[in-house]
Amino acid sequence: MAFQAFVQPGRDLLSRPTCFWNKNNTKNAQNMSDQLTKRDTDYAQWYNDLVLKADMAEHSEVRGCMVIKPHGYAIWEKMQGALDGMFKATGHVNAYFPLFIPKSYLAKEASHVEGFAKECAVVTHYRLKSDPEKGIIVDPDAKLEEELIIRPTSETIIWNTYRGWIKSYRDLPLLINQWANVVRWELRTRLFLRTAEFLWQEGHTAHATQQEAEEEARRMLDVYATFAEEWMAMPVIKGVKTASERFAGAVDTYCIEAMMQDGKSLQAGTSHFLGQNFAKAFDVLFTNKENKQEYVWASSWGVSTRLMGALIMTHSDDHGLVLPPKLAPVQVAIVPIAKNGEQLTAIDGYVKPIVDALRAKGIAVKYDNDDKRKPGWKFAEYEFKGYPVRIAVGPRDMENGTVEVARRDTLEKQVMQAADIAEKVEHLLEAIQDNLYRKALTMREENTHVIDSYAEFKDRIDQGGFFLAHWDGTPETEEKVKNETKATIRCIPFTGDKTPGKCMVTGNPSAQRVIFAKSY
RNA sequence: CGGGGUGUAGCGCAGGCCGGUUAGCGUACCUGCUUUGGGAGCAGGGGGUCGCAGGUUCGAAUCCUGCCACCCCGACCA
């Protein structure tokens with residue numbers, strides 16, 4: 001921890017007043033409205049407030065849909081960039097498939113259509129016309145012969161396309177990803193976590209053998225886990241879903257599960273081994289080396305803008321958003337403190353080499369010498385938006401050859417020599433990234449419990465957390481637990497204790513402990 | 001899709017029960033001066049189809065009817 005070697009205990013910013021009163025002793029509405037609901041008071045409300053006030057997204061006029069605002073979208077772009085690089089590095093290429101899916105396609109894979117039928121938006125007409133009374137109406141003469149589904153996911157249209165692309169084992173594997181929007185007509189939505197339309201990537205791969213397809217699904221799960229831990233600083237548990245939580249149309253669904261600060265679990269990414277289900281549904285056959293026809297093996301995998309919700313709920317605090325440096329659109333904000341224009345010009349000159357040195361190290365830095373905003377306003381703004389490091393430069397610093405450095409994760413401030421500041425900040429950013437991960441990991445460990453008694457489980461499940469318990473492997477037992485406690489099996493983890501035991505509910509044999517938790 | 005709640009200036013709200021000047025407050029915005037190391041102070045100023053549509057009435061933000069939207073809680077799902 002390079003930073004802690006030179007940091008002094010900073011002023012305790014947590015003690016600043018949370019409520020302001022004007023001289024009429026009435027609450028100052030603006031300051032009040034700028035306050036976040038505290039996490040302890042109402043975690044869900046804290047999340048909603050934070051997304052809006054950190055300017056990441058807002059509810060649109062369209063039911064269930066959100067507007068992702070520039071600050072939120074910039075973070076998503078950072079995520080995209082990192083993930084896309086990892087996909088390319090594992091041999092994948094990007095392509096784009098249609099938004100519209102003929103209704104009949106969806107119906108070809110039985111369990112798939114069953115899984116999505118209840119939340120599909122459907123296009124039925126292709127033209128409007130003006131009506132003297134009602135303005136504009138749907139032209140009843142422009143009915144589509146076959147309705148089009150707005151994709152809830154693209155397996156069907158992609159496999160229908162793959163049929164034409166795959167003839168021989170020489171065409172395999174086919175490793176394709178697409179960045180797209182999808183629509184699932186959710187009745188109840190929350191910004192980023194569940195919206196009717198969302199952004200995601202979906203990888204769809206075709207393989208000659210079962211083993212290869214299974215390995216692909218596992219490989220991409222590893223990619224997601226690496227991304228979550230190294231970029232988002234969010235520890236995850238890899239595992240396989242139970243039958244009831246499995247993707248509609250998959251043979252196996254793998255997932256990464258993360259614990260949010262309220263102890264609930266959030267599925268942050270999934271990959272599926274699809275077997276030959278879609279190949280059979282769409283007649284995708286290839287000729288193998290023995291000149292025999294064989295159905296193609298498949299995987300698919302995706303992460304969505306839901307990761308934004310995961311990011312927020314993993315690190316942020318009662319002061320606003322906290323971003324891990326590797327995903328922060330601005331990693332260092334520099335704020336000048338000047339009494340007049342002359343002084344500001346002097347600070348511009350003082351800061352210039354600092355900005356250059358930081359940029360030379362590839363650090364995203366914003367020097368905010370906008371004189372229309374005051375320093376205090378900027379401090380609060382950048383804190384709320386989660387910029388990892390803030391540097392303040394005033395007349396005192398110019399005299400002393402120093403700058404004031406504040407880190408967002410701990411809210412500590414420290415005056416440092418300006419001479420080698422770029423190097424120090426570079427180390428500081430690494431330290432922040434590391435600290436965020438370790439804090440989240442500690443939180444998860446402290447809230448993960450090994451449990452053998454169902455009675456005790458029922459007592460403790462409402463407090464949140466992961467519960468490692470034995471399960472007899474039946475959907476009935478899983479259902480019973482869900483009905484009685486609202487907790488579900490988040491996954492059967494790949495690593496950890498593999499000792500067999502007895503189911504906490506029925507006492508029947510259990511192959512290993514699984515993770516029970518309440519979830520998003 | 002059920003239960004609850006809310007729609008009044010960009011944002012947050014008061015007023016409504018008990019109809020009656022020009023619809024009010026805070027903040028934000030604009031101008032000026034003083035300020036600037038944690039959301040500055042004072043003074044002045046601009047901004048409103050009171051969610052929409054009907055109805056009752058001399059008169060409706062207020063009462064009545066219908067509709068719409070959004071939020072929260074359940075059921076369903078990523």
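Because the structure is predicted, anything quoted here is derived from the model rather than measured.
Between Arg39(A) and the options Asp49(A), Asp262(A), Asp317(A), Asp318(A), a salt bridge (charged side-chain N to carboxylate O under 4.0 Å, His left out) holds for only Asp318(A).
G74(B) atom C1' lies 13 Å from atom NZ of Lys482(A), rounded to whole Å. Nucleotide C73(B) holds its C1' atom 11 Å from the CG atom of Asp42(A), rounded to whole Å. As a whole-Å value, the separation of Phe379(A) CZ from A40(B) P is 11 Å. Distance, Arg396(A) CZ to U36(B) P: 12 Å, rounded to whole Å. Atom CH2 in Trp377(A) sits roughly 11 Å away from atom P in A28(B) (whole-Å rounding). For the pair Glu381(A) CD and A28(B) P, the interatomic distance rounds to 13 Å; values are reported in whole Å. Leu52(A) places its CG atom 13 Å from the C1' atom of G12(B), with the value rounded to the nearest Å. Atom pair Glu383(A):CD and G37(B):P shows a separation of 15 Å (rounding to whole Å applied).
With C1' as the reference atom, A9(B) and A61(B) are 14 Å apart, rounded to whole Å. Only the C1' atoms considered, G51(B) is 7 Å distant from A69(B), to the nearest whole Å. Across G45(B) and G38(B), the matching P atoms stand 33 Å from one another, rounded to whole Å. To the nearest whole angstrom, the two C1' atoms, one in U56(B) and one in G26(B), are 36 Å apart. Going from the C1' atom of C68(B) to that of G54(B) covers 14 Å, rounded to whole Å. To the nearest whole angstrom, the two P atoms, one in G39(B) and one in G32(B), are 24 Å apart. When the C1' atom is compared between C11(B) and C18(B), the two are found 31 Å apart, to the nearest whole Å. Distance check on atom C1': U8(B) versus G74(B) gives 31 Å, rounded to whole Å.
The base of G37(B) has none of its N or O atoms less than 3.5 Å from a complementary donor or acceptor on the side chain of Lys378(A). Side-chain to base pairing of Arg194(A) with C77(B): one donor and one acceptor N or O lie within less than 3.5 Å of each other.
The listed nucleotides are C73(B), G39(B), U36(B); the one nearest the side chain of Lys339(A) is U36(B). For Arg373(A), taking side-chain heavy atoms from C-beta onward, the closest of the listed nucleotides C77(B), C29(B), A78(B) is C29(B). Of the listed nucleotides (A78(B), G37(B), A75(B)), A75(B) has the atom at the smallest distance from the side chain of Leu187(A). The Lys374(A) side chain lies nearest to U35(B) when the options are U35(B), G38(B), C77(B). In this structure, of G39(B), C76(B), A78(B), it is A78(B) that holds the atom nearest to the side chain of Phe198(A).
At a threshold of 4.0 angstrom between heavy atoms, the contacts of Lys486(A) are confined to the sugar-phosphate backbone, with no base atom among them. Residue contacts for Leu266(A): at a heavy-atom cut-off of 4.0 Å it reaches no nucleic acid atom on any strand shown. Note on Glu404(A): a base of the nucleic acid sits closer than 4.0 angstrom, heavy atoms only. Across all strands shown, Gln267(A) has heavy atoms under 4.0 Å from sugar-phosphate atoms exclusively, and none from any base. Asn48(A) comes within 4.0 angstrom of the backbone, heavy atoms only, and of no base. Residue Thr305(A) is classed as having no contact, given no heavy-atom separation below 4.0 Å to the nucleic acid.
Figure legend. U57(B) is base-paired to no nucleotide; pairs are counted as Watson-Crick or G-U wobble with both atom distances under 3.5 Å. Pair check for G24(B) finds C13(B); Watson-Crick or G-U wobble, both atom distances under 3.5 Å. Base pairing of U31(B) is made with A43(B), judged by Watson-Crick or G-U wobble geometry with both donor-acceptor distances under 3.5 Å. In this structure, G38(B) forms no base pair with any nucleotide, since neither Watson-Crick nor G-U wobble geometry is met with both distances under 3.5 Å. Nucleotide U49(B) has no partner under the Watson-Crick or G-U criteria, as no pair reaches both atom distances under 3.5 Å. As the counterpart of A69(B), U6(B) is assigned, both hydrogen-bonding distances of the Watson-Crick or G-U wobble pattern falling under 3.5 Å. C18(B): no Watson-Crick or G-U partner with both key distances under 3.5 Å is found in any strand.
For Glu114(A), the CD atom sits in a loose shell: 12 or fewer heavy atoms of surrounding residues, nucleotides or ligands are nearer than 6.0 Å. Within 6.0 Å of atom CZ in Phe87(A), more than 12 heavy atoms from other residues, nucleotides or ligands are found, so the atom counts as buried in its surroundings. Within 6.0 Å of CH2 on Trp179(A) lie more than 12 heavy atoms contributed by other residues, nucleotides or ligands. Environment of NZ in Lys108(A): crowded, with over 12 heavy atoms of neighbouring residues, nucleotides or ligands closer than 6.0 Å.
In this structure, a donor-acceptor pair under 3.5 Å is present between the side chains of Thr410(A) and Arg407(A).
OP1 or OP2 of G74(B) lies within a sub-4.0 Å distance of a side-chain N or O belonging to Arg188(A). The phosphate of U35(B) has neither OP1 nor OP2 within less than 4.0 Å of any side-chain N or O from Asn340(A).
Toward the 5' end of RNA chain B, the nearer of the two residues Thr195(A) and His59(A), judged by each one's closest nucleotide, is His59(A). Nearest-nucleotide assignment on RNA chain B puts the 5′-proximal partner with Pro375(A), out of Pro375(A) and Phe192(A).
Counting only distance, with no hydrogens or angles, the side chain of Asn340(A) and the backbone of Glu342(A) share a donor-acceptor pair below 3.5 Å.
Side-chain rings of Trp185(A) and Phe116(A) stay apart, their centers remaining 6.0 Å or farther from each other.
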